[in-house]
K.L.:
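Following this message is one structure expressed as structure tokens.
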2 protein chains.
Amino acid sequence: MVTKNAMPTPLCGELPAEAVQAARFEKARSAQASAVLEDYVELIDDLLTSQGEARPTDIARRLGVSHATAIKSIGRLKREGLATSKLYRGVFLTPRGLDLAARVRARHRLVVDLLVAVGVPPHCAELDAEGIEHHVSDTALAAFARFLGHERPTDDGAEVE
Amino acid sequence: MVTKNAMPTPLCGELPAEAVQAARFEKARSAQASAVLEDYVELIDDLLTSQGEARPTDIARRLGVSHATAIKSIGRLKREGLATSKLYRGVFLTPRGLDLAARVRARHRLVVDLLVAVGVPPHCAELDAEGIEHHVSDTALAAFARFLGHERPTDDGAEVE
DNA sequence: GCTTTTTTGTAGCCTCGACTACATTTTAGG
DNA sequence: CCTAAAATGTAGTCGAGGCTACAAAAAAGC
């Protein structure tokens with residue numbers, strides 16, 4: 001018997017257990033929907049900072065997708081008001097895009113740092129964080145920061161096996 | 001062709017930085033591809049254990065999707081050799097499905113436990129784990145287990161000052 | 001036993017994110 | 001300057017995973 005719904009959940013007072021569980025899955029699905037856009041925004045910001053420009057071909061290569069796929073996604077970014085692009089002139093971020101990029105990057109670092117702090121090898125932490133980060137809530141992020149701030153393991157990474 | 005088969009192993013020694021980054025995103029994408037199937041398998045196993053049967057309608061309700069969507073996904077499970085179903089007789093898991101369910105469940109618990117251990121409120125940990133779990137590698141899982149076993153922080157959660 | 005409701009399944013449509021193939025534009029070479 | 005290559009953009013396809021609407025079978029009510 002699992003009866004994982006036996007605990008008193010703060011927000012979901014009288015809701016049926018099914019609805020609670022359904023909401024959980026729905027949250028994960030919606031997080032996934034914005035994951036791709038977040039990746040693009042973060043990468044574009046990265047390219048703009050390091051290279052001075054973000055060209056679709058570079059974006060595609062870094063993401064490991066075809067240029068057509070990248071261009072389509074850039075179109076979505078523009079529709080969502082996160083980026084702009086001039087014909088044959090590269091992609092740029094709107095203020096909203098820049099803001100999102102900053103938040104995504106901070107979250108990424110925090111997730112990696114936490115993984116390393118609990119003993120995940122740095123290389124692996126980077127890999128896993130790419131998928132994980134999109135699903136970490138602000139509440140959890142705050143907890144991560146608190147955890148890292150209180151008992152930061154001298155930043156040399158936890159002992160590798 | 002992307003020659004994605006050039007590096008199945010995590011030795012990114014002489015590879016260009018772009019390829020490394022691309023591989024990271026690709027891993028996240030492939031993890032996402034199996035996420036839905038994992039959720040279904042876990043839920044079906046849960047229903048079989050607690051209710052004795054897993055009916056498409058129940059699956060759909062618990063996942064928060066329409067029954068048509070659930071039935072389609074069940075079809076995918078069958079194609080992948082993870083489940084079987086007899087007309088109007090519910091869904092069952094194959095040995096492979098059962099094995100996957102067990103692994104998914106263990107991983108889920110480990111992720112939740114780790115989140116709680118670093119100070120994430122239990123309710124939030126459950127929510128976030130739903131999305132996170134699909135992206136946690138075996139290496140990271142092992143680190144989680146080690147962390148939880150070695151330095152369990154008195155289980156009172158991080159003190160909220 | 002017949003009707004109604006629930007459950008199950010099918011069909012068709014949508015969006016997203018991937019792809020290939022082709023068209024166009026800019027840039028680079030000769 | 002004109003051509004070849006690279007970069008950019010467009011069109012069309014595909015599968016996954018959602019949806020609604022409808023059809024059929026099983027279960028429940030009367």
Side-chain angles (χ1 to χ4, degrees), chain A residues 18 22-41 43-44 47 51-80 82-92 130-131 134, chain B residues 1-4 18 22-41 43-44 47 51-80 82-92 130-131 134:
Chain A
E18 291 165 358
R24 221 167 68 196
F25 286 114
E26 196 170 340
K27 169 188 166 279
R29 282 195 296 268
S30 95
Q32 190 52 39
S34 48
V36 174
L37 294 190
E38 289 179 355
D39 284 339
Y40 273 86
V41 165
L43 176 56
I44 291 169
L47 287 170
Q51 253 85 47
E53 63 174 1
R55 293 149 74 231
T57 335
D58 293 333
I59 295 170
R61 192 162 41 215
R62 294 276 283 266
L63 285 171
V65 300
S66 74
H67 79 275
T69 299
I71 286 174
K72 252 197 204 170
S73 297
I74 291 167
R76 267 189 77 209
L77 289 183
K78 294 202 276 186
R79 262 190 290 155
E80 307 267 342
L82 295 170
T84 59
S85 77
K86 292 167 285 189
L87 264 169
Y88 293 89
R89 281 289 167 251
V91 184
F92 299 91
E130 200 58 61
H134 304 291
Chain B
M1 296 315 172
V2 205
T3 62
K4 60 180 70 168
E18 291 166 357
R24 221 168 69 197
F25 286 114
E26 196 171 340
K27 169 190 166 278
R29 282 194 295 267
S30 94
Q32 190 53 39
S34 48
V36 173
L37 294 190
E38 289 179 353
D39 285 338
Y40 273 86
V41 165
L43 176 56
I44 290 169
L47 287 170
Q51 254 84 46
E53 62 175 0
R55 292 147 74 231
T57 335
D58 294 332
I59 296 170
R61 194 162 38 216
R62 294 276 284 264
L63 284 171
V65 300
S66 75
H67 79 275
T69 299
I71 286 176
K72 249 196 208 173
S73 297
I74 291 166
R76 267 189 76 209
L77 288 183
K78 294 202 277 186
R79 264 188 292 153
E80 306 268 342
L82 295 170
T84 59
S85 78
K86 293 166 283 188
L87 263 170
Y88 293 90
R89 282 286 167 252
V91 183
F92 299 91
E130 199 59 60
H134 304 290

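Letters A, B, ... mirror the listed sequences (proteins, then strands); counts begin at 1.
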K.L.:
Quick one: B:Arg29 CZ to C:dC16 P, roughly how many Å, whole number?
P.N.:
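For the pair B:Arg29 CZ and C:dC16 P, the rounded distance is 17 Å.
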
K.L.:
Whole Å only: how far is the CD atom of A:Gln32 from the P atom of D:dG18?
P.N.:
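Atom-to-atom, A:Gln32 to D:dG18, this comes out as 11 Å.
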
K.L.:
Nearest whole angstrom, please: distance from the P of C:dT15 to the CD of A:Glu80.
P.N.:
13 Å

K.L.:
Got a donor-acceptor pair under 3.5 Å from the side chain of A:Lys72 to the base of D:dG12?
P.N.:
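Checked by distance alone, the answer is yes.
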
K.L.:
Side chain of B:Ser66 only, heavy atoms from C-beta on: which candidate in C:dT7, D:dG18, D:dT20 is closest?
P.N.:
D:dT20

K.L.:
Between B:Lys86 and B:Phe92, is a side-chain contact (heavy atoms from CB on, under 4.5 Å) present by the stated rule, with each step listed?
P.N.:
CA-CA 9 Å; B:Lys86 293 166 283 188; B:Phe92 299 91; 4.2 Å; yes

K.L.:
Once you round it to whole Å, what is the distance between C1' of D:dA25 and CG of B:Leu87?
P.N.:
9 Å

K.L.:
Rounded to the nearest Å, what distance is computed from the CD1 atom of residue A:Ile71 to the P atom of nucleotide C:dC22?
P.N.:
17 Å

K.L.:
Roughly, in whole Å, what's the span from CD in B:Glu38 to P in D:dA16?
P.N.:
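Roughly 16 Å, once rounded to whole Å.
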
K.L.:
Taking any heavy-atom pair under 4.0 Å as a contact, classify B:Ala33: base, sugar-phosphate, or nothing.
P.N.:
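Here B:Ala33 touches the backbone only, sparing every base.
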
K.L.:
Once you round it to whole Å, what is the distance between C1' of C:dT25 and NZ of A:Lys86?
P.N.:
17 Å

K.L.:
Closest-nucleotide mapping onto DNA chain C: is A:His67 or B:His67 further toward the 5' terminus? I mean the 5' end.
P.N.:
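So the residue in question is B:His67.
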
K.L.:
Among D:dG9, D:dT13, D:dA7, which is the nearest nucleotide to the side chain of A:Pro56?
P.N.:
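The answer is D:dG9.
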
K.L.:
If you only use heavy atoms from C-beta on, which nucleotide in C:dA18, C:dT7, C:dT10 is closest to the side chain of B:Ala68?
P.N.:
C:dT10

K.L.:
How long is the span from the CG atom in B:Leu43 to the CZ atom in B:Arg61, to the nearest 0.5 Å?
P.N.:
11.5 Å

K.L.:
Looking at C:dT6, does its base get a donor-acceptor pair with the side chain of B:Tyr88 below 3.5 Å?
P.N.:
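Between C:dT6 and B:Tyr88, which were checked side chain against base, a qualifying N/O pair under 3.5 Å is absent.
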
K.L.:
B:Tyr40 has an atom OH; how far is it from atom C1' of D:dG18, in whole Å?
P.N.:
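It is 9 Å, rounded to the nearest whole Å.
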
K.L.:
Looking only at side-chain N and O atoms, does B:Lys78 offer a donor or acceptor that is under 3.5 Å from a partner on B:Thr84?
P.N.:
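Result is no, nothing qualifies.
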
K.L.:
Ignoring hydrogens and angles, state whether a donor on the side chain of B:Gln32 or B:His134 is under 3.5 Å from an acceptor on the partner side chain.
P.N.:
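Distance-only check fails for B:Gln32 and B:His134.
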
K.L.:
Which sits closer to the 5' end of DNA chain C, A:Thr69 or A:Arg89, going by the nucleotide each is nearest to?
P.N.:
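It is A:Thr69 whose nearest nucleotide is closer to the 5' end.
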
K.L.:
side-chain contact (heavy atoms from CB on, under 4.5 Å) for B:Leu47 and B:Arg62? Distances and angles first, verdict last.
P.N.:
CA-CA 10 Å; B:Leu47 287 170; B:Arg62 294 276 284 264; 3.4 Å; yes

K.L.:
Students often get this wrong, so: under 4.0 angstrom with heavy atoms, is B:Arg79 touching a base, only sugar-phosphate, or nothing?
P.N.:
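The answer is sugar-phosphate, as B:Arg79 gets under 4.0 Å only of primed atoms, P, OP1 or OP2.
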
